[in-house]
Structure formats: structure tokens, C-alpha cells
Visitor: 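Before I ask anything, let me first share the structure, which is written out below as C-alpha cells.
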Amino acid sequence: MQPRIQLRHRRCPPGRRRLHRPVTTPGPVASLAGKFPIKGLAVYNATKYAVVGLTSATRLEMRPHGIAVSAVLPSAVDTQLSSGLTMAPLPKVPPTAIAAAVLKALTHRTAEIPVPGYVGALTTLSAFTPEPVLNTVRRLLRDDRALRPDHEARAAYTRRLADDATEHGTRRTVPVGDE
């Protein structure tokens, strides 16, 4: 579960335009899907692109006040949500790696912190790769793997969603690829 972020707008006291010392605040835990689209996850990608954009704009707005806002961009996190999904060549990262990135955000003024770090270079490289080449690489790497989950490995997660929906009297929605 991702933490909720609440942004508050406060006016600086008269005569005070900037904090005495720089402050870094970790922004939301977004996703590399906010920088690199994944086939079959258009709505998920759109929400993550929005979070990355919001964080970037907030960083610009807060800079004059000495505040840096950082976004943490993990690849798939190794939780029940990603069970049965093969995201190769992107690795699944443990939640502890995300926690370490949030701590890094507190000590560095980096705008974006990809987890693992080397994946950030891949997203940057993809921005400069001609689309036909990128499409060929995606096809060779079978970039549609997220659409073909291992249903047996996802059974516990899908069952938990159904149980939660029944318990709360809500309509059950099935995650992408589990239909």
C-alpha cells in the first residue's frame, strides 16, 4: 500500500521568503511506469505519469523556498500485487529497497530516485532510442508479459481481493490479466 500524500499551501510569514537551510522532502512513491510505458497498463501508466509530473511541478514551485521534493520510482515491487507477473528484464525489488530510497531522498536533493538505480539509465536511454528500434527490443524482450500472468501464482492475491470485496459489500474488480 502506498502512503497518502497531502499537499498543503501555506503562506510564508511577511519578510520570510526562504528557509534558513535547505530541506529535502520525499514526495510520493511513484513508479518507473511514470517514465516508461508498459503495454496493457495504459491507465496505470497514466496515473504514474501524473504523479511524476505533479512531483516535478511541486519541486519547481518549492525550490525558491529551499525545499526539494524527490520522487521514488521503483520497478515492480515484490509484493502480492506483483505475484505471478514477470516484468523481466526489469527486476522486482523488495519493499526494503523502496524504504532505503525514501531515506536517500531525505539526504540527497535528487529529483528522481529510480529503484534499482541502473533502471533510471535505461529509461533515459529509451527516450533517445528511435521508436522502431525500441519496438524491436520490446518485442524481443516480450514486453507483453504483464498481460500473461501465472494464474496459479496470483491465486492467493486474487482470492484476497474477492474476499475483501465480499467483506466490504463492494463489487469485485479483477486486476488486469486475471480475467
Visitor: Could you state whether V102 and V77 fall into the same hydrophobic cluster, counting links through intermediate Ile, Leu, Val, Met, Phe, Trp or Tyr residues with side-chain heavy atoms under 4.5 angstrom apart?
Guide: yes

Visitor: Hey, are the side chains of I98 and V115 touching, using non-hydrogen atoms and a 4.5 Å cut-off?
Guide: yes

Visitor: Tell me whether S82 contacts the main-chain N or O of A76 through its side chain, where contact means a donor paired with an acceptor under 3.5 Å.
Guide: no

Visitor: At what distance, to the nearest 0.5 angstrom, does CZ of R160 lie from CD of E167?
Guide: 11.5 Å

Visitor: Compare all side-chain heavy atoms of V29 with those of P74 and state whether any distance is below 4.5 angstrom.
Guide: yes

Visitor: My understanding is that only residues two or more places apart in sequence, or in another chain, count here; which of them pass side-chain hydrogen bond (donor to acceptor under 3.5 Å, both in side chains) with E61?
Guide: none

Visitor: If the condition is side-chain hydrogen bond (donor to acceptor under 3.5 Å, both in side chains), which residues does K35 pass it with, not counting sequence neighbours?
Guide: E112

Visitor: Got a sec, which residues hit side-chain contact (heavy atoms from CB on, under 4.5 Å) with N135, two or more places apart in sequence or on another chain?
Guide: E131, R138

Visitor: Mind checking side-chain contact (heavy atoms from CB on, under 4.5 Å) for P116 and listing every partner two or more places apart, or none if nothing turns up?
Guide: S75, P91, V93, Y118, V119

Visitor: What residues form a side-chain contact (heavy atoms from CB on, under 4.5 Å) with A33, not counting sequence neighbours?
Guide: S31, I38, Y44, N45, K48

Visitor: How close do R109 and I67 get, heavy atom to heavy atom, and via which atoms?
Guide: NH2-C, 4.2 Å

Visitor: Show me, pair by pair, the donor-acceptor contacts under 3.5 angstrom made by side chains of residues 120-128, not counting sequence neighbours?
Guide:
{"from": "T123", "atom 1": "OG1", "to": "G120", "atom 2": "O", "distance (Å)": "2.7"}
{"from": "T124", "atom 1": "OG1", "to": "G120", "atom 2": "O", "distance (Å)": "3.1"}
{"from": "S126", "atom 1": "OG", "to": "T123", "atom 2": "O", "distance (Å)": "2.7"}

Visitor: Please name the pair of heavy atoms, one in I113 and one in A101, separated by the smallest distance, quoted to 0.1 Å.
Guide: CD1-O, 3.7 Å

Visitor: Any chance you could lay out the side chain to side chain contact (heavy atoms under 4.5 Å, CB included) test for S70 and R59, step after step, and finish with the verdict?
Guide: CA-CA 7 Å; S70 301; R59 182 178 175 85; 4.2 Å; yes

Visitor: Of all the heavy-atom pairs spanning Q80 and A156, show the shortest one and how long it is.
Guide: NE2-CB, 4.1 Å

Visitor: If every non-hydrogen atom of Y49 is compared with every non-hydrogen atom of F36, which pair is closest and at what distance?
Guide: OH-N, 3.6 Å

